[in-house]
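Here's the structure, in structure tokens; my notes come after.
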Amino acid sequence: MELVTVDIGGTHARFAIASVNADGAITLGEPSTLHTKDHASFQLAWQAFREMNGGTLPDAVAMSVAGPVGGEVIHFTNNPWIIRPALIEEKLGATRHTIVNDFAAVAHAVACAAKDDFLDLAGPENTPLPASGTVSVLGPGTGLGVAHLWRDGKGTYHVQATEGGHIDFAPLDQIEDAILARLRKRHNRVSVERVVSGPAIVDIYQTLAALEGRAIHELSDVEIWTAGTSGEDSLAAAAVDRFCLSLGAAAGDYALAQGASGVVIAGGLGYRIRETILKSGFSDRFCAKGRFAGMMAKLPVKLITHPQPGLFGAAAAFVREHTA
């Protein structure tokens with residue numbers, strides 16, 4: 001069986017043709033990335049991808065969307081497109097479809113990915129993710145995605161999408177107190193993703209500059225990430241390290257709240273800074289949960305390295321829904 005798998009975010013819409021073998025194994029074709037700003041609607045982006053594939057596409061589609069799903073109209077968090085599930089067959093020609101939240105798709109990818117698709121970040125080395133119990137999944141990007149999956153040890157799993165990135169941010173030291181104070185000048189309520197996301201590096205950087213008595217330069221998040229990970233700017237490097245601390249603390253909080261026996265960090269940002277995470281205080285912050293520090297140190301914490309977890313996970317969700 002073949003199907004179109006789509007991963008739609010605020011900036012990009014990624015498309016690929018997925019092949020599903022009789023045993024359920026999924027193989028992705030070469031992905032195509034379209035900019036959402038270049039197309040007035042998802043239907044027009046779909047048509048562009050169809051033309052790139054000779055004018056025909058499989059009649060099944062799996063969608064990973066950056067926003068809540070389940071209503072009559074799906075609105076995206078960071079782009080103006082909408083999708084009406086009832087009109088998919090009419091508008092796209094697809095007779096079967098599956099639509100999941102973007103981080104639910106990532107959780108499906110975590111459940112189905114090979115062992116070689118994971119890199120140790122913390123916890124016991126070379127310890128696989130548990131075959132049973134809960135795995136927390138989170139990933140910083142434009143925002144902070146959070147989901148979790150539960151496995152029964154017999155090959156069955158269940159994915160739960162959440163909006164966990166919007167829980168309250170809890171500072172743990174004076175520097176994070178200063179970051180929170182800066183953010184409160186603009187936001188009545190400061191969520192975790194205001195500190196643990198790609199764009200958040202700007203506020204972290206500017207807070208550190210103010211604490212150091214330096215002039216605050218208006219650098220973009222991309223410029224700060226580049227300067228910080230390359231080591232060419234010590235203040236930017238300190239901001240990246242501070243980000244890793246906050247990511248570790250948040251990952252530990254989600255693991256505690258979800259009763260996790262394993263944790264996976266996902267997203268392109270996590271992959272790009274993986275070496276920095278390993279050298280940072282990420283692991284110490286993850287474990288720093290008072291009386292539960294010993295328990296936290298035993299949890300495997302992984303980074304998923306699959307190049308397209310959104311596309312792969314959406315296809316996996318389709319297979320579970322339509323071949324159960």
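Given the structure is predicted, the values throughout are model-derived calculations rather than measurements.
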Query raised in the report: Would the number of heavy atoms belonging to other residues, nucleotides or ligands and lying under 6.0 Å from CD of Glu232 be above 12?
Result: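 Counting neighbours around CD of Glu232, more than 12 heavy atoms of other residues, nucleotides or ligands fall under 6.0 Å, so yes.
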
Query raised in the report: Is the CG atom of Asp23 crowded by more than 12 outside heavy atoms at less than 6.0 Å?
Result: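 It does: Asp23 CG has more than 12 such atoms within range.
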
Report task. Hey, can you tell me if Phe15 and Phe42 have their rings parallel, tilted or perpendicular (30° and 60° cut-offs)? Result ->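 Parallel, since the angle between the ring planes stays under 30°.
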
About how many Å separate [atom2] of [Y] and [atom1] of [X], when rounded to the nearest 0.5 Å?
X	Y	atom1	atom2	answer
Met63	Thr5	CE	OG1	10.0 Å
Leu172	Leu245	CG	CG	9.5 Å
Ile175	Ser246	CD1	OG	10.0 Å
Leu247	Arg242	CG	CZ	13.0 Å
Gln206	Ile201	CD	CD1	11.0 Å
Glu163	Ser191	CD	OG	11.0 Å

Among residues at least two apart in sequence or on other chains, which ones pass side chain to side chain donor-acceptor pair (under 3.5 Å) with [X]?
X	answer
Asp168	Arg189
Asp284	none
Arg285	Asp173, Glu176
Ser41	none

Looking at [X] and [Y], would you say the former's side chain and the latter's main chain have a donor-acceptor pair under 3.5 Å?
X	Y	answer
Asp233	Ala236	yes
Ser197	Pro140	no
Asn53	Phe49	yes
Thr36	Thr11	yes
Trp150	Ser132	no
Asn101	Gly67	yes
Thr162	Val146	yes

Query raised in the report: Stepwise, does the side-chain hydrogen bond (donor to acceptor under 3.5 Å, both in side chains) test hold for Gln258 with Ser136?
Result: CA-CA 7 Å; Gln258 296 173 351; Ser136 296; 2.5 Å; yes

Report task. Run the numbers on Asp7 and Ser64 for side-chain hydrogen bond (donor to acceptor under 3.5 Å, both in side chains), then give the verdict. Result -> CA-CA 5 Å; Asp7 183 18; Ser64 161; 3.0 Å; yes

Query raised in the report: Residues two or more places apart in sequence or in another chain: which of them pass ring-ring contact (aromatic ring centres under 6.0 Å, His included) with Phe318?
Result: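 His322.
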
What closest approach, in Å, do [X] and [Y] show between heavy atoms, and which atom pair accounts for it?
X	Y	result
Val100	Ala105	CG2-CB, 3.8 Å
Ala62	Leu3	CB-CD1, 3.8 Å
Arg151	Tyr157	CG-CB, 3.6 Å
Val195	Ile204	O-CD1, 3.7 Å
Ala122	Ser283	CB-OG, 3.6 Å
Leu138	Phe103	C-CE2, 3.5 Å

Under a 4.5 Å cut-off applied to non-hydrogen side-chain atoms, are [X] and [Y] in contact?
X	Y	answer
Phe169	Arg194	no
Leu149	Thr134	no
Val65	His75	no
Pro85	Ile74	yes
Ile8	Arg14	no
Glu2	Thr27	no
Val135	Val264	yes
Leu129	Phe118	yes

Query raised in the report: Is it true that Asp253 and Lys289 make a salt bridge, defined as a side-chain N closer than 4.0 Å to a carboxylate O?
Result: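 Looking at Asp253 and Lys289, the cut-off is met.
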
Report task. Evaluate the side-chain contact (heavy atoms from CB on, under 4.5 Å) criterion for residues His39 and Asn79: first the C-alpha distance (whole Å), next the side-chain angles of each, then the deciding distance (0.1 Å), finally the verdict. Result -> CA-CA 11 Å; His39 302 278; Asn79 85 53; over 6 Å; no

Requested in this report: Verify the cluster assignment for Leu121 and Val137: are they in a single hydrophobic cluster under the rule of side-chain heavy atoms below 4.5 Å apart?
Outcome: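 No, separate clusters.
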
Query raised in the report: Would Leu44 and Leu34 show up in the same hydrophobic cluster when neighbours are defined by side-chain heavy atoms closer than 4.5 Å?
Result: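 Leu44 does not cluster with Leu34.
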
Could you name each residue pair satisfying salt bridge (Lys or Arg N to Asp or Glu O under 4.0 Å) that touches [range], not counting sequence neighbours?
range	result
residues 108-133	Asp120-Lys302
residues 37-50	none
residues 203-226	Arg182-Asp203, Arg186-Asp203
residues 89-104	none

**Report entry** Check against side-chain contact (heavy atoms from CB on, under 4.5 Å), Ile26 and Val319
**Finding:** CA-CA 9 Å; Ile26 299 166; Val319 171; 4.1 Å; yes

Query raised in the report: Do Phe312 and His108 have their ring centres less than 6.0 Å from each other?
Result: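 That pair fails the under 6.0 Å test.
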
**Report entry** Verdict with supporting geometry, Trp46 and Val61, side-chain contact (heavy atoms from CB on, under 4.5 Å)
**Finding:** CA-CA 11 Å; Trp46 173 275; Val61 58; 3.6 Å; yes

Query raised in the report: With sequence neighbours left out, which residue pairs that include part of residues 187-239 fulfil the ring-ring contact (aromatic ring centres under 6.0 Å, His included) condition?
Result: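 For residues 187-239: Trp225-Phe243.
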
Query - Pairs satisfying ring-ring contact (aromatic ring centres under 6.0 Å, His included), at least one member in residues 254-283, at least two apart - result: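 ring-ring contact (aromatic ring centres under 6.0 Å, His included) check on residues 254-283 returns no pairs.
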
Query raised in the report: Is there a side-chain contact (heavy atoms from CB on, under 4.5 Å) between Ile17 and Leu28 once you walk through the steps?
Result: CA-CA 6 Å; Ile17 305 297; Leu28 289 183; over 6 Å; no

Requested in this report: Report the residues that fulfil side chain to side chain contact (heavy atoms under 4.5 Å, CB included) with Thr156, sequence neighbours left out, ordered by chain and then residue number.
Outcome: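 Listed in chain order: Asp152.
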
